[in-house]
Amino acid sequence: MSAKTWIPTPARPAPANTVGFVGWARENLFATKLDSALTLVCAALIIYLLDVVFGWAIVDASFSGEDRNACLKQVQGACWPFIDAKLGQFIYGRYPEMERWRVDWVFALGLIGLVPLLMPKVGFKRANVIFMLGFYPLFAFFMLTGGRFGLAPVDTSDWGGLLVTLVVAVTGIVGSLPLGILLALGRRSELPIVRALCVGFIEIFRGVPLITVLFMASVMLPLFLPDGVNFDKLMRCLIGVALFASAYMAEVVRGGLQAIPKGQYEAAAALGLGYWKTTRLIILPQALKLVIPGIVNTFIGLFKDTTLVLIVGLFDLLGIVQLHFTDSTWATPETHITGYAFAAFVFWVFCFAMSRYSIFMEKHLSTDPNQ
Amino acid sequence: MTDPVIRISDMNKWFGTFHVLRDINLQVAAGEKIVICGPSGSGKSTLIRCLNRLEQHQEGIIEVEGVSLDGSSKNLESIRSNVGMVFQQFNLFPHMSVLENCTLAPIWVKQKTKQEAEALARQFLERVRIPDQADKYPGQLSGGQQQRVAIARALCMNPDIMLFDEPTSALDPEMIKEVLDVMVELAEDGMTMLCVTHEMGFARQVADRVIFMDEGEIVEENEPEAFFSNPQNERTKMFLSQVLSH
């Protein structure tokens, strides 16, 4: 019997009305009568909302002026001159104007260090991490607080606005991730005392509102400290926020740890790797990658929770915006909403950036060809 | 006879109250190839997993190359770096490339330099016939290729003994042969091997001894020829008639 040569049937192009924009619209927007109706209703809604927002923020808005008179028009839109006049306050709070360059330097150096760190293709990661975790915090600390190297001291009670928001958020983020990882590992530990301590910590901090933690940190804690021992209120809030966030982080990370198959631990053990090497090289890289969405979710929550420091008398961005509503120079019907819109927009920019970066990292780190 | 590299005497193990291994006595000489078979739940995987303490035995003595598995972490470390293991589910590290999978333990456990470890890894990847896949991730490989990487990864530690825990059971039929071929070559090179498998052809071809387990006991052990042609025990006969019937 002679073998036949098998020739596969050649592929044919797909029908024209199933590909391209027409095909996409047909499938996704107008597949059924109900789909078509929903598409039209939603399109109308989107157009209406855009019209409202655009009209308020641009068309009817005031853009320049020195005081409230600029914003008292017949048709009222956003009062942007208010933001313009107060921008310095919103960014720096009551940080002395002569010293604001120090804050600018801290912002600028932070950006210079952070951007290449976030870009996977840029090298020198080790040096960059050492710079950001070793040098930069010291630099920021001495620059912002002053009192050394010929810099005038600036009390933290004068800090405010975006500066406070970023200081609290960044310390919370940088502190909560490693602490959360340790707590998650501790919660899965085979040592009962370590486990009990971690479970206790996590459950206590998750079980109380952040406001309570902040109150404890700012009002109660000094009562327990010996006389003369006192540390800065902002510092106490930073610790409170970091501990609070780490409890949430621990549970997110634990979710990732539980998703790692037992076989990974066994393979590592069979190769002679001990607990810490296995954890660091095999388990955490996989577990953290799995829970990137949850980690970033916690970061975003933390970022927005910074507004609660207002409760203990620190003025973050939102707090300082609200504070300036009382300024009679700018008392207009649109001041409040403009201020809130501005604060909301700033928060949104940061949170959205984190969200997009998380999606980018998930894709970048994926080694699974089926995703 | 030279001293055995593995000596198990009167070993017992329980999972909770379930007596999973009963009075196991086994000695394995250097270079010997042992195939362990038996119905599922008979304790054969547990037995070889006790040899590098992925499972802990509760009674009796296990010595590997003269070092006792007694819970001392120093002993365990030395045994694990001399005993390679290949799993049914491959258990490659999915976040690392094939090459990184192979160089990880030599670098972190044996303190080799990256260059040394990579040279060694490439040599073993050549040997399992996938040198060109070194930079891919496990998820991009077929099951047979993944299992051959797993073998190469274990070999990179230069083990004296290799444990195989049903290495072909999770593979598509087309891929079983490529893995068995690598294992046969390894056997021909003189590696001491303990292999839990249902591949009776492999057992006939390679094994010095075949061990049949049931209910946590070693029921019968013999040279493959005698084991297959003339099983002594009733239980063995029944098992063989099941697995060899087609």
R153(B) side chain near L271(A) side chain, heavy-atom distance below 4.5 Å: yes

R53(B), part contacting chain A, at a heavy-atom distance under 4.5 Å: neither

On a heavy-atom basis, which atom in L54(B) and which in A270(A) lie closest, and how many Å separate them? CD2-N, 4.5 Å

More than 12 heavy atoms of other groups within 6.0 Å of Y275(A) OH: yes

Would you find more than 12 non-hydrogen atoms of other residues, nucleotides or ligands less than 6.0 Å from E203(A) atom CD? yes

Check the surroundings of atom CD in E55(B): do more than 12 heavy atoms from other residues, nucleotides or ligands lie under 6.0 Å from it? yes

Relative to chain A, which of S81(B), P94(B), A105(B) shows the most heavy atom pairs under 4.5 Å? P94(B)

Are more than 12 heavy atoms from other residues, nucleotides or ligands located less than 6.0 Å from atom NZ of K304(A)? no

Between A267(A) and F93(B), the two heavy atoms sitting closest are CB-CE2, 4.0 Å

I'd like to know whether CD of Q58(B) has more than 12 heavy-atom contacts from other residues, nucleotides or ligands below 6.0 angstrom. yes

side-chain hydrogen bond (donor to acceptor under 3.5 Å, both in side chains) involving T113(B) - partner list, sequence neighbours excluded: E116(B)

Using non-hydrogen atoms and a limit below 4.5 Å, what part of residues 276-285 of chain A faces chain B? K277(A), R280(A), L281(A), I282(A), P285(A)

Name the member of L76(B), N52(B), V83(B), L92(B) that forms the most heavy-atom pairs with chain A at distances under 4.5 Å. L92(B)

Can you confirm whether more than 12 heavy atoms, excluding those of R356(A), are under 6.0 Å from its CZ atom? no

Bottom line for L104(B): the part with an atom under 4.5 Å from chain A's heavy atoms is side chain

Counting neighbours of CG on L138(A) that are heavy atoms of other residues, nucleotides or ligands and sit closer than 6.0 Å, is the number greater than 12? yes

Residues of residues 130-137 of chain A with a heavy atom under 4.5 Å from any heavy atom of chain B, in residue-number order, are none

Relative to chain A, which segment of F87(B) carries a heavy atom at a distance below 4.5 Å: side chain, backbone, both, or neither? side chain

Winner by heavy-atom pair count (cut-off under 4.5 Å) against chain A, out of Q88(B), R49(B), R80(B): R80(B)

Counting a contact as any heavy-atom pair under 4.5 Å apart, which residues of residues 253-266 of chain A contact chain B? K262(A), G263(A), Q264(A), E266(A)

